Number of protein chains: 2
Amino acid sequence: MTAAAHTFQEAELLIADAVGEVIEHWGFRKPLGRVWTVLYLAGDALPAATLSERLSMSTGAVSMTLTELQEWAVVRRVWRPGERREFFLAETDLWKMISKVVSERERFWVRSVRERMEQACVLLRTLPTEEGKGALARARVLLSFAQLAENVIERFLTSRRADFTGFGVLEKTARTAATERR
Amino acid sequence: MTAAAHTFQEAELLIADAVGEVIEHWGFRKPLGRVWTVLYLAGDALPAATLSERLSMSTGAVSMTLTELQEWAVVRRVWRPGERREFFLAETDLWKMISKVVSERERFWVRSVRERMEQACVLLRTLPTEEGKGALARARVLLSFAQLAENVIERFLTSRRADFTGFGVLEKTARTAATERR
DNA sequence: TAGTTCTTTCAAAGAGTTCTGAAAGTACAG
DNA sequence: CTGTACTTTCAGAACTCTTTGAAAGAACTA
C-alpha cells in the first residue's frame, strides 16, 4: 500500500469512528455510522468487501448494516455493468437524512411520551388530596416540556432546519472551510 | 391502600416510566429518570425505602441511583430532625438540570468529535489524488456540521435557553412553576 | 460499649445487545 | 444444468450493561 493510501485510510477511520459515535449517541448502532461514512467519503459506490476490509467487519455484519442503512434510505444499491458483485452508494443530503429519522422515529416517540403524561394528568385531576394537587401542578410542568419538544420537532420538519439559521456555520464554512490550520 | 393512593401511584408510575425513557434516550440509565420523577412529583423529600417500594427496585439499585443523581446535583440529601434515616429531595429547575448536563457532558463530547474531524481534514489535505481531494471536500461538510453542533451548544449555554423562544409552550405554562430565572 | 437501624458496596447473576462465520440462498456465465 | 461468485441469514458466542442481595460500614441511641 502506498503512503498516500495509508494516510487516506487513517483519516477515513478517524472520521468513521467519530460519526459512529455520533450515530450511536442518537440511538443507532455504531457500525451504521461507520459504514455510511466510508461510502460517503468515497464519493462513489463501493462493494461490500471493501467495507469489510477497511472497517474490519465480518461479511455478515456488513451485510446486516447495509440492509439497515437501505431501510433508512441513507444508502442505496447500484449495479455496475460488467460487475457481478453489487455496489453501495451513500446518500449525501445530510438534512434529508436527519429529517427522515426525526420524522419517522423521534416524532412518534415524543408523541407517546406526551400522551402518557396527559393521561397521568387526567388521573391526577381526580384526586382531592393536597398531595394530588401538588403532583398535578408538577406533572403539568413536565407535560409542557413534552409539548415543547413536540413543537420543536414539528417546526423543524416544516421549516426543514428549525431555527438554526443564525447559528449559520454551515452557510459560511461548508463552502470555504478555512478551518483546519495546523 | 385507598383508591386515591392507588390512582396516585398509577399516575406516578406512568410519568416515571415516560421520564425514564426520555432520560435513557439521552444516554443515562432509566432508573435515574424514574427515581428523580417520584421525588419530583412528591414535591417533598422521601426516604430511600419509599422509592424502592414504589418503583420495585432493590435497595442496592436505589442507593446507586441516588448517588448518581446527587453527582449530577439533581437530587439532594436532606436531614429530618428526629428521623434516623435520610431523605432525598429533587431539584426542580429543569433548565438548570439540562444546562448542567449539556455543559458537563455534551460539550466535551462534541468538541472531541469536531477535533477528530479537523485532524482528519489535515491529513486529507496532504493528498494529491483526485480521491483525496473529493474526500477532503466531503469531510469538510461533516466538520461544518460538528461546528454547527458546537455552536448551538455554546449559544444554548450562554443564552440559557437557546432559540427556543418562539416555540413558547413554556412561556405560558411552565415558567411560573418550574423556572425561576437567574 | 453494644445494639439497632439504615446505607453503601460489590461480586456474581441476569438481561440484553452485537458480532461471527458457516451454511443456505441467489444470480449469472458458460 | 453446473460451477462460480457473491449475498443473506441466523444460531450461537462474545460482550456489555444492569440489577440483586448479602455483607460491611456508618451513624445514632441507650
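Proteins get letters first, then strands, A, B, ... in listed order; numbering begins at 1 in each. Since the structure is predicted, the reported quantities are computational estimates derived from the model, not experimental observations.
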Chemist: State which of dG21(D), dT20(C), dT7(D) makes the closest approach to the side chain of Ala48(A).
Modeler: dT7(D)
Chemist: Among dT20(C), dT9(C), dT8(D), which nucleotide has an atom closest to any side-chain atom of Ser63(B)?
Modeler: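 Of the options given, the side chain of Ser63(B) lies nearest dT9(C).
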Chemist: In whole angstrom, what separates Glu24(B)'s CD from dT16(D)'s P?
Modeler: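 To the nearest whole Å, that distance equals 19 Å.
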Chemist: Is the terminal nitrogen or CZ of Arg77(A) (NZ for Lys, CZ for Arg) located under 6.0 angstrom from the six-membered ring centre of Phe88(A) and within 45° of that ring's axis?
Modeler: no
Chemist: Out of Arg29(A), Lys30(A), Arg34(A), which one pairs with Thr65(A) under the side chain to side chain contact (heavy atoms under 4.5 Å, CB included) rule?
Modeler: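 Result: among Arg29(A), Lys30(A), Arg34(A), Arg29(A) is the only option passing the side chain to side chain contact (heavy atoms under 4.5 Å, CB included) with Thr65(A).
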Chemist: Assess Arg105(A) against Phe28(A): is NZ or CZ under 6.0 Å from the centre of the six-membered ring, and within 45 degrees of the ring's axis?
Modeler: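 Positive - Arg105(A) is close enough to the ring of Phe28(A) and near enough to its axis.
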Chemist: Between Phe28(B) (CZ) and dC17(D) (C1'), how many Å, whole number?
Modeler: 16 Å
Chemist: Show your working on salt bridge (Lys or Arg N to Asp or Glu O under 4.0 Å) between Arg54(B) and Glu12(B) and close with a plain yes or no.
Modeler: CA-CA 9 Å; Arg54(B) 298 220 198 136; Glu12(B) 178 180 69; 2.7 Å; yes
Chemist: Roughly how far, to the nearest 0.5 Å, is CZ of Phe8(A) from CG of Leu13(A)?
Modeler: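 Output value for this atom pair is 11.0 Å.
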Chemist: Once you apply a heavy-atom cut-off of 4.0 Å, does Pro47(B) come out as touching a base, just sugar-phosphate, or nothing?
Modeler: nothing
Chemist: When you match Phe88(A) and Met64(A) each to their closest nucleotide on DNA chain D, which lands nearer the 5' end?
Modeler: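 So the residue in question is Phe88(A).
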Chemist: Below the 4.0 Å mark, does dG16(C) have OP1 or OP2 next to a side-chain nitrogen or oxygen of Arg29(B)?
Modeler: no
Chemist: Map Glu83(A) and Gly60(A) onto DNA chain D by nearest heavy atom, then report which one ends up closer to the 5' terminus.
Modeler: Glu83(A)
Chemist: Main chain of Arg85(B), side chain of Glu83(B): is a donor-acceptor contact present, judged purely on distance under 3.5 Å?
Modeler: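 Here the side-chain-to-backbone pair does not exist.
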Chemist: Calculate the interatomic distance between Glu68(A) atom CD and dT9(D) atom P; express it in whole Å.
Modeler: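 Glu68(A) atom CD is separated from dT9(D) atom P by 12 Å.
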Chemist: Atom CZ of residue position Arg76(B) - does it have more than 12 heavy atoms of other residues, nucleotides or ligands inside 6.0 Å?
Modeler: no
Chemist: Taking five pairs at each end of the helix from dT1(C)-dA30(D) to dG30(C)-dC1(D), what angle separates the two helix axes (nearest 10°)?
Modeler: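 The end axes of the helix from dT1(C)-dA30(D) to dG30(C)-dC1(D) are about 0° apart, to the nearest 10°.
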Chemist: What is the distance, to the nearest angstrom, from the CH2 atom on Trp79(B) to the C1' atom on dC6(C)?
Modeler: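 It is 15 Å, rounded to the nearest whole Å.
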Chemist: Of all the nucleotides listed (dT9(D), dT20(D), dG21(C)), which has the minimum atom distance to the side chain of Ala61(B)?
Modeler: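 So the side chain of Ala61(B) is nearest to dT20(D).
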Chemist: I need the CZ-P distance between Arg80(A) and dC6(D), as an integer number of Å.
Modeler: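 Going from Arg80(A) (CZ) to dC6(D) (P), I get 15 Å.
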Chemist: Just how far, in rounded Å, is P of dT18(D) from CD1 of Ile23(B)?
Modeler: 14 Å
Chemist: Hey, does the side chain of Arg85(B) come within less than 4.0 Å of dT4(C)'s phosphate (OP1/OP2), counting only N and O?
Modeler: no
Chemist: Got a donor-acceptor pair under 3.5 Å from the side chain of Arg84(B) to the base of dT4(C)?
Modeler: yes
Chemist: Atom NZ of Lys30(B) and atom C1' of dG16(C): how far apart are they, to the nearest Å?
Modeler: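 Going from NZ in Lys30(B) over to C1' in dG16(C) covers 11 Å.
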Chemist: Could you tell me the separation between the CE atom of Met57(A) and the P atom of dT8(D), rounded to a whole number of Å?
Modeler: 13 Å
